[in-house]
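See below for the structure under consideration.
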Amino acid sequence: MTTTRIATRNEWLTERLALLEVEKDLTRRSDELAQRRQGLPSVRVEKEYAFDTNEGPASLTQLFRGRSQLMVYHFMFGPDYKAGCPSCSMIADGFNGFAGHLANHDVMLWAVSRAPLAKLQGYRQRMGWTFPWASSSGTDFNSDYSVSLSAEEQRAGSVEYNYRRSAHAMDAKNAPEPVRQLGAMCGTDAPTYARDRPGMSTFVLQDGIVYHQYSTYARGLDGLWGAYQWLDRAPLGRNEHGVWWRRHDEY
């Protein structure tokens, strides 16, 4: 926990102005980073995927719904989960507010999970969400974008996540306590929970062809976790001791 320091107004202002320069530099570098993301080359998606949606079966192209850009949040909800991942749920709590803005700016936002559509629909209703959510059950979509693995791959240790092989805490033979706790909150054990991973991928539709443009994982998702952006500006910061968050209907 950060200890609050006491100062005079003039002392505070001196430090605040110095911090402002650091914040401005970070903003400029964040703008440059965004331009580098947008400058990445795109890779043609050769494989066909069939998703289950509220409106019926849909291809990856159909998920664009008339827009030229598609953003997919890889929501951790494996086929054996009883409920969606609490961490993904906390991130997704913000989707309702801005999904409409994105859609009106030529960007379609979807959550995609491996669980059957009926499970997703039930959980979506429980959470009060309205953003579109598709099931990739029966497809290689999650595996192809490095957000799921089989039990065999897990046992063999041949797991690639966040562009590295078997380097994430979720790959540990003895799962750390947060992974075990989150698994239990999903009604699973730690290995089952860890066979799905969080991530975000973007795609572009050009001349009827879909291209993959960007994917990010693990702490690359921090910027999408709205509550943490507020906590990082709170007096005590994140002030974390283990898994402190719950689904919004569990507090």
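Everything numeric here is computed off the predicted structure, so don't read it as measured data. Sequence positions, counted from 1, serve as the residue numbers for this chain.
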| said: Between S201 and V72 (side chain of the first, backbone of the second, donor and acceptor by atom type, cut-off under 3.5 Å), is there such a pair? | reply: no
[X]: salt bridge (charged side-chain N to carboxylate O under 4.0 Å, His left out) partners, not counting sequence neighbours:
X: D106; value: none
X: R247; value: E250
X: R36; value: none

Side-chain H-bond candidate by donor/acceptor type, [X] with [Y], under 3.5 Å:
X: E160; Y: S146; value: no
X: Y123; Y: S89; value: yes
X: T192; Y: D189; value: yes
X: D93; Y: W129; value: yes
X: Q229; Y: W225; value: no
X: T188; Y: D80; value: no
X: S42; Y: H212; value: no

| query | So do the side chains of F203 and F64 get within less than 4.5 Å of each other, counting heavy atoms only? | reply | yes
| field | Close side-chain approach of R16 and E23, heavy atoms under 4.5 Å | value |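 Side chain of R16 against side chain of E23, heavy atoms only: contact under 4.5 Å found.
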| remark: So CD of E240 and OH of Y228: to nearest 0.5 Å the spacing works out to 3.0 Å
